[in-house]
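Just so you know, these numbers come straight off a predicted model, no measurement behind them.
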Number of protein chains: 2
Amino acid sequence: MKKKTSSDLSQMCKALGNPIRMKIFEHLKEADKCICGEIVNILPIAQATVSQHLKVLKTAGLIKGAICGPSTCYCINKDALDEFKKMVKEF
Amino acid sequence: MKKKTSSDLSQMCKALGNPIRMKIFEHLKEADKCICGEIVNILPIAQATVSQHLKVLKTAGLIKGAICGPSTCYCINKDALDEFKKMVKEF
DNA sequence: TCTCTTTATCGTAAATTTACGATTAATAAC
DNA sequence: GTTATTAATCGTAAATTTACGATAAAGAGA
């Protein structure tokens, strides 16, 4: 894994700096893993928007998505979360 | 001090989720304290924009500003930083 | 007082983000 | 095959953010 920089930290912060994405991440953290549709159900926003937010979290490296039949199964990227915590700790 | 919520964490993340603001905060952390003009000098952006970013950091509670003669002296809010670290640790 | 310095705020343009419905793509079930 | 389900992507509108120059406000020093 590539060494993370202050810029990576900023990007992760930005991804979590949106209340909807924070909720998604927290749900994923508690649910261990779940499909996109489940997230759509617990949030008051459209499916397209949820997909967009998931993409942002994925691009930031914070979550992983695996195609699973017709649906996509998302889970947090534990390594990235640990790295995030480590960076903030040393911040 | 009021109990911080997941929403406060999101707001702090958002404030640090901009590379310029991240730089400002890091500078303030190392410099202990400095006036606005010094920050303007080390960044490639206009004074008005720096002032705007400082306001965002201040609103998020991450920094404090004290009027000091004709200038304003900024410093990090150590309590808020500690609280931020604590929240991320327990995240 | 007048002038200079410093920084906040105003007004605004451009870029980005957020949100949506519609559509597409891909699999599952029949 | 057809149909239903699920999620990504497209196109786009609205909101927000970021940036700037100009101006205002407030203190320092002559």
Check whether any side-chain N or O of [X] sits under 3.5 Å from a backbone N or O of [Y] as a donor-acceptor pair, and report yes or no.
X	Y	value
A:K29	A:C75	no
A:N77	A:K64	no
B:S6	A:M22	no
B:T49	B:I45	no

Check: To the nearest Å, how far apart are B:I45 CD1 and D:dT18 C1'?
Finding: 9 Å

Note to self: Without decimals, in angstroms, what is the distance between A:I39 CD1 and D:dA7 C1'?
What the structure shows: 11 Å

Note to self: What verdict does the side-chain contact (heavy atoms from CB on, under 4.5 Å) test give for B:D8 and B:F84, after you've listed the backbone C-alpha separation in whole Å, the side-chain angles of each residue and the deciding distance to 0.1 Å?
What the structure shows: CA-CA 9 Å; B:D8 293 317; B:F84 176 64; over 6 Å; no

Note to self: Can you build the contact string for nucleotides 3-16 of chain C? Use B for base contact, S for sugar-phosphate-only contact, and - for no protein heavy atom under 4.0 Å.
What the structure shows: ---BBBB-------

Gap between atom [atom2] of [Y] and atom [atom1] of [X] - 0.5 Å precision:
X	Y	atom1	atom2	answer
A:T72	A:I35	OG1	CD1	8.5 Å
A:L81	A:L28	CG	CG	11.0 Å
B:K78	B:E83	NZ	CD	12.0 Å

Notebook entry, point to check: Counting only side-chain N and O atoms of A:H53, is one of them less than 4.0 Å from OP1 or OP2 of C:dT17?
Noted result: no

Next item on the list: Enumerate the residues from residues 17-34 of chain A whose closest heavy atom to DNA chain C is under 4.0 Å, giving them by residue number; use none for an empty result.
Entry: A:N18, A:R21

